[in-house]
Amino acid sequence: MSQYFSADPSTIGARKGTLTTRAGKVLTPTFMPDGTRGAVKSLTPEQVISTGVQVVLANTFHLHLQPGEEVIHKLGGLHKFANRKAPILTDSGGFQVFSLAKIRKIAEEGVTFKDPRTGDTIFLSPEKSIQIQIRLGADMIVAFDDVVALDDIGRGRTQEAYERTHRWLERNVAEFKRLTKDMKPDDRPLLFGVAQGGLDKELRRRSLELVHASGVDGVAIGGLSVGETRAEMHDMLEYLATFYDPARPRFLLGVGDPADLRFAVEHGIDMLDCVLPTRNARHGTAWISGDQKVHLTNQKYADDAGPIDDSCDCATCAAGYSRGFLRHQFKVGEPLAGTLVSIHNIRYLERICEDYRNQL
RNA sequence: GCGGGGUUAGUGAAGCGGUCAAACACAGCAGACUGUAAAUCUGCCCUCUCCGAGUUCGUAGGUUCGAAUCCUACACCCCGCA
């Protein structure tokens with residue numbers, strides 16, 4: 001068992017574990033909200049902590065563009081910069097290969113992006129991404145991979161993306177070793193390698209083997225929730241469940257719908273991140289008991305005095321903010337509404353994870 | 001009182017003889033968002049028995065094959081001069 005992770009010996013199904021990072025221990029399974037630009041949108045770090053969150057993500061691509069890793073380094077590193085002492089994980093920028101597909105060009109060396117804001121040319125490669133992530137000062141970092149959509153068009157590129165992801169994985173690992181060789185084991189960040197392979201089970205299984213063989217600290221599952229159906233995603237998660245290395249943490253990238261999160265945890269996933277709780281919140285939708293979705297902007301809530309969810313212990317529900325109040329704040333465009341519902345939605349996912357940890 | 005301008009769907013505002021149930025914006029209603037170019041985007045938004053039909057563009061007449069668009073009268077609003 002790794003010095004950084006311990007979990008139940010069970011290899012299939014939900015499991016409880018402890019991940020040890022240089023910024024503290026993380027109990028798994030755990031949901032990690034995305035703070036892409038250094039902050040979970042609309043929330044203070046204190047509000048994030050109030051939801052039970054243990055790890056917050058930040059994004060390499062976005063922070064590299066603005067304000068730049070040198071500025072953040074100068075300001076004391078990501079923790080000081082973002083006013084967060086607890087663990088921070090940075091994503092590599094690989095997802096932007098997918099989400100910014102219209103303004104990027106992939107080559108073997110790396111990916112060239114056009115900054116959507118300034119038009120500047122941005123270059124990201126495995127080496128560059130690792131350098132930025134380490135410079136930022138994240139406690140857990142992710143290998144730079146090649147992400148394809150799983151819509152009808154993207155599926156044709158699965159094999160190519162799989163192959164490139166693994167050629168790049170070696171470069172990610174080499175650069176990581178180079179930059180961390182002088183760090184003490186307790187002081188170095190943890191590296192997650194990413195498994196790809198689209199909806200091809202053979203590729204997925206081999207991808208997982210390659211990630212395991214690369215010696216990384218954790219295994220990330222990428223390339224899901226990018227256009228495939230829910231059934232296809234679940235099928236793949238179910239398939240992969242038997243092939244994970246029991247000694248390493250498994251991080252499912254980008255999944256955060258409550259039903260999907262449950263399914264993932266029940267199939268051996270330890271960590272998940274997603275923009276859904278905060279984005280949905282800003283757009284006026286909240287999850288309530290039973291994984292139901294509530295559109296708080298609906299007219300029927302205009303005079304509803306009740307909280308978002310009677311059985312919720314989040315700060316928003318506990319304080320008694322009514323659906324009628326929240327609907328009004330949404331209708332008048334007051335950002336407070338998005339903040340209050342973000343707290344609720346993140347808490348909703350954290351509570352699911354806590355329940356699993358308490359049951360196991 | 002005289003001269004000029006105006007009156008369009010919930011609001012603002014295009015249209016100025018046919019392709020107009022009428023651009024566009026806002027408001028309203030519903031929905032979508034899964035490693036955040038997302039406080040964004042999509043649909044609906046006169047009525048109905050809603051793949052079609054029926055009533056609209058201050059009111060009432062008129063011209064025309066055909067009018068929100070032209071003419072006449074009236075009503076109301078705005079600006080000048082009295």
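To find a chain, count down the sequence lines: A is the first, B the second, and so on, and within it residues start at 1. When reading the values below, keep in mind they use all heavy atoms of this one structure, side chains included, and skip hydrogens, waters and symmetry mates.
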Worksheet item: Do other residues, nucleotides or ligands put more than 12 heavy atoms under 6.0 Å from the OH atom of Tyr301(A)?
Response: yes
Practice prompt. Using both distances under 3.5 Å as the test, list the Watson-Crick or G-U wobble partner of A13(B), or none.
Written response: none
Practice prompt. Starting from P on A32(B), measure out to CG on Leu296(A) and report it in whole angstrom.
Written response: 13 Å
Worksheet, complete the sentence: Contacts of Leu253(A) and Lys293(A) projected onto RNA chain B by closest heavy atom; the upstream (5') one is Lys293(A)
Worksheet item: Contact class for Arg104(A) vs. all strands (heavy atom < 4.0 Å): base, sugar-phosphate, or nothing?
Response: nothing
Worksheet entry | Side chain Arg279(A) and base A38(B) donor-acceptor under 3.5 Å | yes
Discussion item. Pairing check on G66(B): which nucleotide meets the Watson-Crick or G-U wobble criteria with it, both distances under 3.5 Å?
Written reply: none
Worksheet item: Can you tell me if the side-chain N/O atoms of Asn298(A) get under 4.0 Å from OP1 or OP2 in G31(B)?
Response: yes
Practice prompt. On RNA chain B, check which nucleotide each of Asp91(A) and Gly333(A) is closest to and give me the residue with the more 5' one.
Written response: Asp91(A)
Practice prompt. Assign Arg37(A) to base, sugar-phosphate, or nothing according to its heavy-atom contacts below 4.0 angstrom with the strands shown.
Written response: sugar-phosphate
Discussion item. What contact category does Ser42(A) fall into here, base, sugar-phosphate, or nothing, at under 4.0 angstrom with non-hydrogen atoms?
Written reply: nothing
Fill in: Residue-phosphate contact under 4.0 Å: Lys300(A) side-chain N/O, A30(B) OP1/OP2
no
Worksheet entry | Identified pairing partner of G61(B), criterion: Watson-Crick or G-U wobble below 3.5 Å | C71(B)
Worksheet item: Are any of the side-chain nitrogens in Glu109(A) or Arg171(A) under 4.0 Å away from the carboxylate oxygens of its partner?
Response: yes
Worksheet item: For the pair made of CZ in Phe98(A) and P in A38(B), what is the distance, rounded to whole Å?
Response: 14 Å
Practice prompt. Please determine, by modelled atom types, if Asn59(A) and His64(A) share a side-chain donor-acceptor pair under 3.5 angstrom.
Written response: no
Worksheet item: For the side chain of Gln299(A) and the base of G31(B), is some donor closer than 3.5 Å to an acceptor across the two?
Response: no
Worksheet entry | No-hydrogen, no-angle side-chain donor-acceptor test under 3.5 Å, Thr278(A) and Lys41(A) | no
Worksheet item: Is the shortest side-chain N/O distance from His283(A) to OP1 or OP2 of A32(B) below 4.0 Å?
Response: no
Discussion item. If you go through the side-chain atoms of Asp145(A), does one of them form a donor-acceptor pair with the base of G35(B) closer than 3.5 Å?
Written reply: yes
Response to the item:
Partner of G80(B) under the Watson-Crick or G-U wobble criteria, both distances under 3.5 Å, comes out as C2(B)
Worksheet item: Base, sugar-phosphate, or nothing: which does Asp34(A) touch, judged by heavy atoms less than 4.0 Å apart?
Response: base
Discussion item. Tell me which nucleotide, if any, is Watson-Crick or G-U wobble paired with U56(B) when both distances must be under 3.5 Å.
Written reply: none
Discussion item. Mind checking if Val226(A) touches a base, just sugar-phosphate, or nothing, with heavy atoms under 4.0 Å?
Written reply: nothing
Worksheet item: Side chains of Ser207(A) and Gln196(A): donor-acceptor distance under 3.5 Å anywhere?
Response: no
Fill in: Phosphate-side-chain proximity, Gln96(A) and G35(B), N/O vs OP1/OP2 below 4.0 Å
no
Worksheet item: OP1 or OP2 of C41(B) sitting under 4.0 Å from any side-chain N/O of Arg282(A)?
Response: no
